[in-house]
Amino acid sequence: MKEKISQLKKEAIHEIKSSDTFDSLKKLEKKYLGRKGELTDVLKGLKDLGKDARKDAGQFANQAKQELEQALKETQVSLEQVTGVKIVTKNDWVDVTMPSKLSLGNLHPLSRVQYELEDIFSSLGFMILDGPELESDYYNFESLNIPKDHPARDIQDTFYIKGKKDQVLRTHTSNLQVRAMQEYGAPIRAIFPGRCFRFDATDASHDATFNQVEGLMIDKNISIANFKAIVDSFLSEIFNRKIKTRLRPGYFPFVEPGFEVDLPCEICKGRGCKVCKNSGWVEFMGAGMVHPIVLKNGGVDPKKYTGFAFGFGITRLTMMKYKINDIRHFLGSDLRFLKQF
Ligand code: PHE
């Protein structure tokens with residue numbers, strides 16, 4: 001038996017090695033190793049042998065089979081090299097239409113809403129500006145008409161930097177108002193989205209890190225009516241339905257007059273509930289006409305130009321839009337939360 005196999009192997013390898021086309025290789029593979037191939041035939045005969053002889057001849061036959069396979073492969077590779085043709089077998093190709101096992105990442109909800117805001121304001125002719133999160137006391141406070149001893153600093157307490165007396169983590173995106181005017185002058189239309197920080201105790205609606213967006217529009221004859229038109233149209237876009245806002249007086253040292261803008265309460269649809277303290281409205285943003293002192297600090301002539309500014313929490317807006325009930329989800333890195341967006 002072993003001799004028969006040995007003889008067969010010799011012949012087969014010789015034929016394979018002298019084969020000079022892919023076609024003949026394929027035929028030889030079939031001739032020796034196919035279902036009705038010669039070596040396969042010999043292997044089938046093993047069952048008639050005694051136990052020990054079967055084991056011995058079986059091992060020998062398997063080794064011969066491997067050698068044939070090896071010879072086939074080698075000859076194919078050298079044929080490929082000679083002809084420059086590559087034979088692709090099923091194991092070599094990738095089906096690009098197969099669904100991937102890797103799950104795709106997605107945008108963080110805050111980025112998603114920020115990008116939406118940027119698109120809406122761009123369509124209204126606003127630039128998108130960025131600026132430092134580590135800011136000088138001057139741009140964060142003084143340039144905005146908030147001197148060192150002003151009580152308005154109390155509600156915007158922040159983090160101070162050791163060894164850098166004049167630097168703070170910015171408490172609002174208003175730090176870019178004067179920077180933007182100095183850079184671009186008037187007229188100007190811009191929004192500044194970004195991260196802000198306050199020394200606040202954390203609870204369901206407060207975090208020491210949060211995102212805001214500031215808006216600034218300065219031109220000749222800008223009035224509160226322009227502000228209301230812009231704000232109502234962007235809110236209607238972002239909520240996908242007509243939104244009515246309510247303006248009431250509010251105090252911020254960098255605007256005059258200043259106001260707070262309220263939105264109808266989402267929870268009770270304006271009827272009155274615990275969340276809105278029965279008023280039907282929830283406070284949404286601070287705004288006002290840019291104070292002449294701030295215009296001057298930005299190098300803009302208050303006799304020629306007027307403008308409005310507003311600022312609100314992207315974090316708060318995202319909570320309203322997606323009905324998220326705890327601010328701590330945003331920076332909690334819990335995939336069960338993040339994967340929903
Ligand atoms: N910076 C203010 C805040 O963080 C909001 C604001 C911006 C108010 C612009 C008026 C004008 O509360």
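Read the numbers this way: they start at 1 and go in the same order the structure lists the ligands and their atoms.
- Considering only non-hydrogen protein atoms, atom 7 (C) of ligand 1 sits nearest to Gly311 N, 3.3 Å.
- Compare Tyr251, Phe210, Phe254 by their heavy atoms: the one nearest to atom 2 (C) of ligand 1 is in Phe254.
- Side-chain contact between His206 and Ile327 is absent, with no heavy-atom pair separated by less than 4.5 Å.
- With respect to the salt-bridge test (charged N to carboxylate O, under 4.0 angstrom), the residues Lys31 and Glu11 do not qualify.
- The single protein non-hydrogen atom nearest to atom 6 (C) of ligand 1 is Gly286 O, 3.6 Å, given as residue, atom name and distance.
- Every atom of ligand 1 with a heavy atom of Phe252 under 4.0 Å away is listed here by number and element: 8 (C), 10 (C), 12 (O).
- By the 3.5 Å distance cut-off applied to N or O atoms, Arg198 is counted among the residues near ligand 1.
- Using a 4.0 Å cut-off between charged nitrogen and carboxylate oxygen, Arg153 and Asp137 count as a salt-bridge pair.
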TODO: Step by step, work out the ring-ring contact (aromatic ring centres under 6.0 Å, His included) result for Phe341 and Tyr115.
DONE: CA-CA 14 Å; Phe341 298 91; Tyr115 295 164; over 10 Å; no
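- An N or O contact shorter than 3.5 Å is missing between Thr171 and ligand 1 by distance.
- A heavy-atom separation below 4.0 Å is not found between Phe308 and ligand 1.
- The shortest separation from a heavy atom of Gln212 to ligand 1 is under 4.0 Å, placing the residue in contact.
- With sequence neighbours excluded, the residues that form a salt bridge (Lys or Arg N to Asp or Glu O under 4.0 Å) with Asp334 are Arg336.
- Asp56 and Lys2 are joined by a salt bridge, as a carboxylate oxygen and a charged side-chain nitrogen come within less than 4.0 angstrom of each other.
- The pair Glu142-Lys148 meets the salt-bridge criterion, since a charged nitrogen lies less than 4.0 angstrom from a carboxylate oxygen.
- Looking at ligand 1, you won't find any N or O of Glu214 less than 3.5 Å from one of its N or O atoms.
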Hey, can you pull the donor-acceptor pairs under 3.5 Å for the side chains in residues 289-311, sequence neighbours left out?
| residue | atom | partner | partner atom | Å |
| --- | --- | --- | --- | --- |
| His291 | ND1 | Ile293 | N | 3.1 |
| Asn297 | ND2 | Ser143 | O | 2.9 |
| Asn297 | ND2 | Ile293 | O | 3.4 |
| Asp301 | OD1 | Lys303 | N | 2.9 |
| Thr306 | OG1 | Ile222 | N | 3.1 |
| Thr306 | OG1 | Ile222 | O | 2.9 |

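- Among protein heavy atoms, the minimum distance from atom 1 (N) of ligand 1 is reached at Ser174 OG, 2.8 Å.
- Not a single heavy atom of Gly258 sits less than 4.0 Å from an atom of ligand 1.
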